[in-house]
Amino acid sequence: MARYTLRREGGQVIVVLAVLSVALFGLASIAVDSGVAAADRRDLQSYSDAAALAGAAEYNILGGDANSAHFVALSYIQKSLHAASFPSGCTVAACPAGTYTFTGGYTVILQDPSSNSLDVSMKHSQPSFLAGVLGFRNDVDATSGRAEPVTPGQVGAVYAVAAVGGNADVHVNGGGVKSNPTGDVGGPVFADGDYGANNGPHSTQVTSYISGYGGTSSGTGTSVCDSPSVANHVDLGDNSDGLNYDFTGTAGSEVHSVGTPAANTSFQALAPTTTGPTFTTVASAKDGAGNWKPGTYSGISPNGGALNAGVYVIKNYTGTISPGHNVTNPGRGQEDVTGAVSIVLNATDTGTLDLNSAQLNGLDDLNPTVYTGPRDPLGTHNFAIWGGTFAGTLSAFEPHNTADITGILFLPNQDLTEHGNAAASFAGSVWVKSVTIDGGGNGTQVFAWVCGLRAISPAASGGGLTR
């Protein structure tokens with residue numbers, strides 16, 4: 001009788017041990033998966049925060065809106081996940097708030113809690129490593145990243161060339177550079193009137209996708225700026241375009257009735273300033289090597305020769321202003337954090353600005369909007385020339401000129417003209433009243449774009465991650 005009882009109880013012990021083993025295995029599995037989930041959650045939080053910051057920064061860019069904020073946020077997530085494809089339903093022109101999916105079980109939710117504010121939340125669903133034997137899956141939710149743009153922030157230059165004079169043209173009379181690709185316009189164009197050439201065989205060209213000069217390892221040539229690439233475009237304030245131009249491929253678009261670009265006003269408030277001394281004589285304005293020193297020039301102008309790095313504010317000058325060249329210059333389209341130069345003109349200057357021999361580089365900060373280190377080290381704000389209130393005249397570019405300007409050229413009250421086979425080169429963003437190129441069939445009128453070009457405000461504050 002006792003022997004039977006022991007045998008029966010021994011069987012119960014085996015059952016109990018089996019049940020306990022399954023329970024312990026399940027608990028261990030859940031503990032392991034919880035650790036994996038915690039690591040996944042940290043990654044998702046990092047991805048959503050970075051995407052929210054990058055997206056919200058778009059509100060400081062000319063033309064930036066919720067669509068572009070969403071597009072940039074998803075682009076950051078795609079890069080973070082190393083995803084092979086971009087989610088459907090979102091383009092740079094139309095990317096509504098909502099839910100988007102990436103391969104690998106990732107879900108992204110974009111929301112706009114208020115104007116100029118962006119929420120990015122992420123979810124990752126994948127099979128459990130061990131707890132799957134009990135029918136569990138890992139569903140990891142990240143806390144939403146919310147960001148607002150830093151203010152006053154940065155203003156995107158947006159256009160490689162813009163004519164903002166009111167029904168003004170970017171007009172190439174019988175010129176253009178169809179047989180010479182170095183003259184292509186690499187970035188978007190704005191013309192309140194017409195854009196292009198009135199001579200079909202010499203119609204000017206626009207690259208199919210926004211491309212930046214100096215993007216190759218050799219520092220010359222062009223490369224597509226964005227991934228995914230963004231189609232280039234010509235924006236017209238008029239209802240039609242009576243001139244000829246060509247996209248160099250199938251991409252590109254023409255937009256009518258877009259109005260005058262807002263950066264015309266935004267750039268107006270971003271004039272570089274100088275902490276240098278005031279010079280009233282040429283002798284005091286030059287150093288021992290005969291190079292010009294940055295500062296305020298009152299009644300004189302730094303004409304010709306080499307310019308040391310920094311900002312040159314010219315006041316009360318009625319003669320010809322003909323700036324020379326940077327002491328150091330890394331080349332067209334390249335950032336120069338140690339030698340950049342910015343020329344600032346104002347309403348007290350009423351003479352002529354002659355750039356035929358100017359070789360200026362004003363770029364000292366091409367860092368992305370999410371960069372948190374020191375900004376704008378030389379105070380140029382990326383302007384090669386700022387003349388928002390300058391009322392003088394911009395001298396015409398003549399044949400055999402050597403003009404090579406890198407940075408933002410902001411002269412909204414002046415007409416840019418080129419005669420004959422003139423071949424002035426601009427890498428960055430040209431904002432003028434109008435553009436007229438007469439002749440120029442053998443010239444190489446370069447209006448190249450610089451990827452990520454923005455007018456920098458070093459006093460940026462506020463915004464950023466708010467949750």
Side-chain angles (χ1 to χ4, degrees), residues 159-207 211 213 222 232-238 241-248 252 254 332-333 352-360 384-385 387 393-449:
Y159 295 104
V161 56
V164 296
N167 201 35
D169 299 335
V170 178
H171 202 166
V172 184
N173 295 313
V177 289
K178 190 168 184 177
S179 62
N180 189 340
T182 63
D184 287 352
V185 177
V189 175
F190 175 85
D192 201 36
D194 290 331
Y195 168 68
N198 63 1
N199 186 340
H202 294 285
S203 59
T204 189
Q205 295 186 121
V206 181
T207 57
S211 301
Y213 190 88
T222 61
N232 214 343
H233 55 96
V234 173
D235 298 341
L236 301 171
D238 204 349
D241 190 359
L243 301 180
N244 300 303
Y245 67 90
D246 297 318
F247 286 105
T248 56
E254 184 178 286
R332 185 184 304 162
T352 297
L353 175 62
D354 184 353
L355 298 178
N356 275 277
S357 301
Q359 297 181 359
L360 300 174
I385 297 178
T393 301
L394 178 60
S395 177
F397 289 95
E398 302 291 345
H400 312 298
N401 75 82
T402 58
D404 197 342
I405 313 295
T406 288
I408 302 171
L409 177 72
F410 182 56
L411 294 166
N413 302 314
Q414 281 69 42
D415 299 305
L416 188 156
T417 60
E418 294 191 31
H419 291 326
N421 293 323
S425 299
F426 303 95
S429 188
V430 175
W431 292 72
V432 290
K433 183 178 180 181
S434 69
V435 177
T436 302
I437 298 175
D438 292 318
N442 295 321
T444 55
Q445 301 87 23
V446 177
F447 291 101
W449 177 242

**OP:** Kindly indicate, with the supporting measurements, whether the criterion side-chain contact (heavy atoms from CB on, under 4.5 Å) is fulfilled by K433 and N413.
**Re:** CA-CA 5 Å; K433 183 178 180 181; N413 302 314; 5.8 Å; no
**OP:** Begin from the C-alpha positions of F397 and T417 and carry the test side-chain contact (heavy atoms from CB on, under 4.5 Å) through to its verdict.
**Re:** CA-CA 6 Å; F397 289 95; T417 60; over 6 Å; no
Subject >> From CA spacing to verdict: side-chain contact (heavy atoms from CB on, under 4.5 Å), L411, L353 >> reply: CA-CA 10 Å; L411 294 166; L353 175 62; 3.7 Å; yes
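Expressed to the nearest 0.5 Å, how far CG of D354 lies from OG1 of T393 amounts to 11.5 Å. Note that the CG atom of N232 and the CH2 atom of W449 stand 9.5 Å from one another [nearest 0.5 Å]. Rounded to the nearest 0.5 Å, atoms CZ (F190) and NE2 (H233) are 11.5 Å apart. Here H419 contributes atom NE2 and T436 contributes atom OG1; the two are 9.5 Å apart, rounded to the nearest 0.5 Å. A distance of 10.5 Å separates CZ in F426 from CZ in R332, rounded to the nearest 0.5 Å. Taking CD of Q414 as the reference point, atom CH2 of W431 lies at 15.0 Å (rounded to 0.5 Å).
Closest heavy-atom contact between A160 and V185: CB-CG1, 3.9 Å. When all heavy atoms of G187 and V206 are compared, the closest pair comes out as O-CG1, 4.3 Å. Closest heavy-atom contact between D415 and S434: OD1-OG, 2.6 Å. Nearest heavy atoms, T352 versus S395: CG2-CB, 3.8 Å. Pairing each heavy atom of V189 with each of V170, the nearest pair is CG1-CG2, 4.5 Å. Closest approach of A168 and A163 over heavy atoms only: CB-CB, 4.1 Å.
With sequence neighbours excluded, no residue forms a side chain to side chain donor-acceptor pair (under 3.5 Å) with D169. Take E398 and apply the side chain to side chain donor-acceptor pair (under 3.5 Å) test, not counting sequence neighbours, and it matches no residue. Residues meeting the side chain to side chain donor-acceptor pair (under 3.5 Å) test with D192, sequence neighbours left out: none.
Under the 3.5 Å distance criterion, the side-chain polar atoms of T204 are left unmatched by any main-chain donor or acceptor of Y245. Of the possible polar contacts, none joining the N401 side chain to the A422 backbone as a donor-acceptor pair under 3.5 Å is found. At least one donor-acceptor pair under 3.5 Å links the side chain of T406 to the backbone N or O of G333. Under a 3.5 Å cut-off, the side chain of D241 and the backbone N or O of Y195 do form a donor-acceptor pair.
Between I385 and F410 the shortest side-chain heavy-atom distance does not fall below 4.5 Å. You'll find the side chain of L409 reaches within 4.5 Å of the side chain of L355, heavy atoms only.
In the model, D404 has no side-chain atom that pairs as donor or acceptor with a side-chain atom of S425 under 3.5 Å.
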